[in-house]
Structures are given as C-alpha cells and as structure tokens.
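Let me begin by presenting the structure, written as structure tokens, before commenting on it.
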Amino acid sequence: MGGVEELQRIQSEYDVQSKHVILDVAHFTNTVSKWIVENGWRGAWGDDKKGFIHTEQSGQRVIRVYSPVQYRDPHLGTSFASEGNEKARYVFWANDPIKDLLAVIRYNEPVIFHVHANVPPEYQRHMNAEMKTTKRSFQTNRVTYFWKRLRRENHLLDAECMNLLRALQLGFVPMPDEQPAATQRTLDLQTA
C-alpha cells in the first residue's frame, strides 16, 4: 500500500474534501499527525470506552460514540515539539458501540450500508475479522458481550468504522440514542 502520495491521488480522483479524509492515528502517530496537518485531513483513534461526554451549547451534557475534537502536536516526544506547532485534529471513537452500529446497518432494511458483490477476498477477510460473542462470569453468572478478534487483518473493518464515525458526525446516519451524561453515569453504576 502506498503512502501519503497515494492518499492525495485518491482524494483528488474522487474529489473528496480534506475534512472528510480520515486517517487512523493509532499507528505511526507522529507521521499520520504530520500528514493530517499538511493536508487538512482528520484523524480517528479507536478506544475501549463506551462513550464520551459532550457539552451542548445549552449546557446539557450528553454521551456520544466519539470524543470531542482532540489536538496533537505531530512532533510530540521529539526535540521539535512546540506549543507553536500546528496541531493535528482527531477524535477517539468507541470501538464496541461503533462496531455494533456497523453490524446493524450492514443488514438493515432499507439498506444504509452496501458492499458490491465483487469485493476482493482481502476486503471480505478484513470485514469478517471480528465477531460479537459472549463471556459468562462463573462468580456472578453475568454474561458480557464483546468483539472477539479472529485474525489480525482487521484494518479495513476499522476503516469502515471510521467512515461510519464521519457519517454519524455529519448526520448521514442516525445517531444512536443519546442520553444525558448524568443518566448514563447512573446506568453505568447500576450495571457495574
């Protein structure tokens, strides 16, 4: 797979606005952050949290499946790090809730998410690299659900999750029910 030049070529070929190009910031973080700054792109970083608190203009606090915008110096951890450096923009996304929503919309009627029948086998392997499964605690007899990784190659699944993240941010896909942060905290305490 190519580097930044290939991404720039694909962006130009499909006439994608820079703010809609999303890169995974979790790997090669400084290099990716540099590309984000240089090209006006955005970043996303998967996280195990179930949601992130957002404060609305009204002052109400809600939980969403992605964080407020974060900023990162592309030179963090090097001698070139500086408060004056332009920062890369990225958000964290909640792995399990986004994967749950992607799983739902893959089979939703009417179709929201469509994949052509002739996708390469590599894409199919990546999209099916994880499956939702259960785990039972023998002490409490409580069942929990989690995404089990079946193979390492799940990068295209992550890319589709980040596409869904951007569609959620732009309102193209309905946002999962948002709850006031205080209510969510109460629910978390009740289920803990």
Side-chain angles (χ1 to χ4, degrees), residues 1-29 31-33 35-36 39-52 54 63-67 69-70 88-135 143-178:
M1 184 143 191
V4 69
E5 294 84 12
E6 183 177 359
L7 293 173
Q8 292 165 334
R9 182 190 60 74
I10 292 169
Q11 177 188 2
S12 176
E13 179 181 340
Y14 291 97
D15 195 26
V16 177
Q17 293 178 29
S18 292
K19 65 183 177 181
H20 299 310
V21 176
I22 299 180
L23 303 181
D24 189 344
V25 183
H27 307 287
F28 307 106
T29 308
T31 300
V32 171
S33 294
W35 293 351
I36 288 169
N39 294 282
W41 296 338
R42 303 293 186 264
W45 196 324
D47 194 284
D48 290 332
K49 288 184 179 181
K50 302 296 180 209
F52 302 87
H54 288 252
I63 304 292
R64 293 203 176 121
V65 293
Y66 56 88
S67 73
V69 174
Q70 308 291 307
R89 295 171 50 111
Y90 70 97
V91 295
F92 289 105
W93 56 278
N95 281 322
D96 286 0
I98 292 276
K99 287 177 183 171
D100 290 346
L101 183 57
L102 181 62
V104 168
I105 67 172
R106 284 177 74 181
Y107 305 103
N108 196 37
E109 293 290 334
V111 174
I112 296 174
F113 179 92
H114 175 74
V115 176
H116 194 276
N118 295 331
V119 295
E122 178 184 17
Y123 180 84
Q124 294 175 30
R125 277 194 311 278
H126 281 244
M127 288 300 289
N128 296 305
E130 297 181 24
M131 78 178 214
K132 189 85 175 214
T133 189
T134 60
K135 179 171 44 173
V143 175
T144 56
Y145 298 89
F146 68 101
W147 283 92
K148 180 179 180 179
R149 199 165 184 179
L150 304 175
R151 63 185 67 85
R152 280 191 69 160
E153 300 86 20
N154 72 341
H155 307 298
L156 297 175
L157 172 62
D158 282 350
E160 294 293 5
C161 287
M162 288 184 281
N163 287 332
L164 175 57
L165 159 71
R166 190 65 179 143
L168 286 166
Q169 290 174 319
L170 296 171
F172 295 139
V173 174
M175 183 68 76
D177 292 337
E178 292 180 352

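Since the structure is predicted, the reported quantities are computational estimates derived from the model, not experimental observations.
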| task | From the options Asn163, Leu165, Leu168, Leu102, select the one residue that forms a side-chain contact (heavy atoms from CB on, under 4.5 Å) with Val173. | result | Leu168

| task | Determine whether Arg64 and Phe52 make a side-chain contact, defined as any pair of heavy atoms from C-beta on separated by less than 4.5 Å. | result | no

| query | Does some side-chain heavy atom of Trp147 sit less than 4.5 Å from a side-chain heavy atom of Asn95? | reply | no

| field | Any His20 side-chain heavy atom under 4.5 Å of Leu170 side chain | value | yes

| Greater than 12 external heavy atoms within 6.0 Å of Lys148's NZ | no

| said: For a quick test of reading the model, state the closest non-hydrogen atom pair linking Ile98 to Leu164 and the distance between them. | reply: O-CD2, 3.7 Å

| message | If you count every heavy atom of other residues, nucleotides or ligands that lies below 6.0 Å from Phe146 atom CZ, does the total exceed 12? | response | yes

| field | Distance in Å, Arg42 CZ paired with Gln17 CD, rounded so as to fall on 0.5 Å steps | value | 10.0 Å

| message | Rounded to the nearest 0.5 Å, what separates atom CG in Leu157 from atom CE in Met162? | response | 9.5 Å

| Counting only heavy atoms not in Arg151, do more than 12 sit closer than 6.0 Å to its CZ atom? | yes

| field | Closest non-hydrogen atom pair between Val69 and Val91, with its separation | value | CA-CG1, 3.9 Å

| request: Over 60° means perpendicular and under 30° means parallel, so classify the ring planes of His27 and His155, tilted if in between. | output: perpendicular

| request: Please tell me if the side chains of Tyr123 and Val115 come closer than 4.5 Å, counting only heavy atoms from C-beta onward. | output: yes

| field | Smallest separation among heavy atoms of Val25 and Ile36, with atom names | value | CG2-CD1, 3.9 Å

| field | Ring-ring centroid check Trp45 Phe92, cutoff 6.0 Å | value | yes

| query | Is there a donor-acceptor pair closer than 3.5 Å between any side-chain N or O of Arg152 and the backbone N or O of Leu150? | reply | no

| query | Going from CD on Glu153 to CG on Asp158, what distance comes out if it is rounded to the nearest 0.5 angstrom? | reply | 12.5 Å

| field | Minimal non-hydrogen separation, Asp47 against Lys49, with atom names | value | OD1-N, 2.7 Å

| task | Please report the closest heavy-atom contact between Met127 and Leu156, naming both atoms and the distance. | result | SD-O, 4.1 Å

| message | Please check this pair: side chain of His54 against backbone of Tyr66, looking for a donor-acceptor N/O pair closer than 3.5 Å. | response | yes

| request: State, yes or no, whether a side-chain contact exists between Leu23 and Tyr90 at a heavy-atom distance under 4.5 Å. | output: no

| request: Please round to the nearest 0.5 Å and tell me the distance separating atom CG of Asn128 and atom NE2 of His126. | output: 11.0 Å

| task | May I ask you to check whether Trp41 and Gln11 show a side-chain donor-acceptor distance below 3.5 Å? | result | yes

| What heavy-atom pair brings Ser18 and Asn39 nearest, and what distance separates the two atoms? | OG-O, 3.1 Å

| Salt-bridged, Glu5 to Arg9, with N to O below 4.0 Å? | no

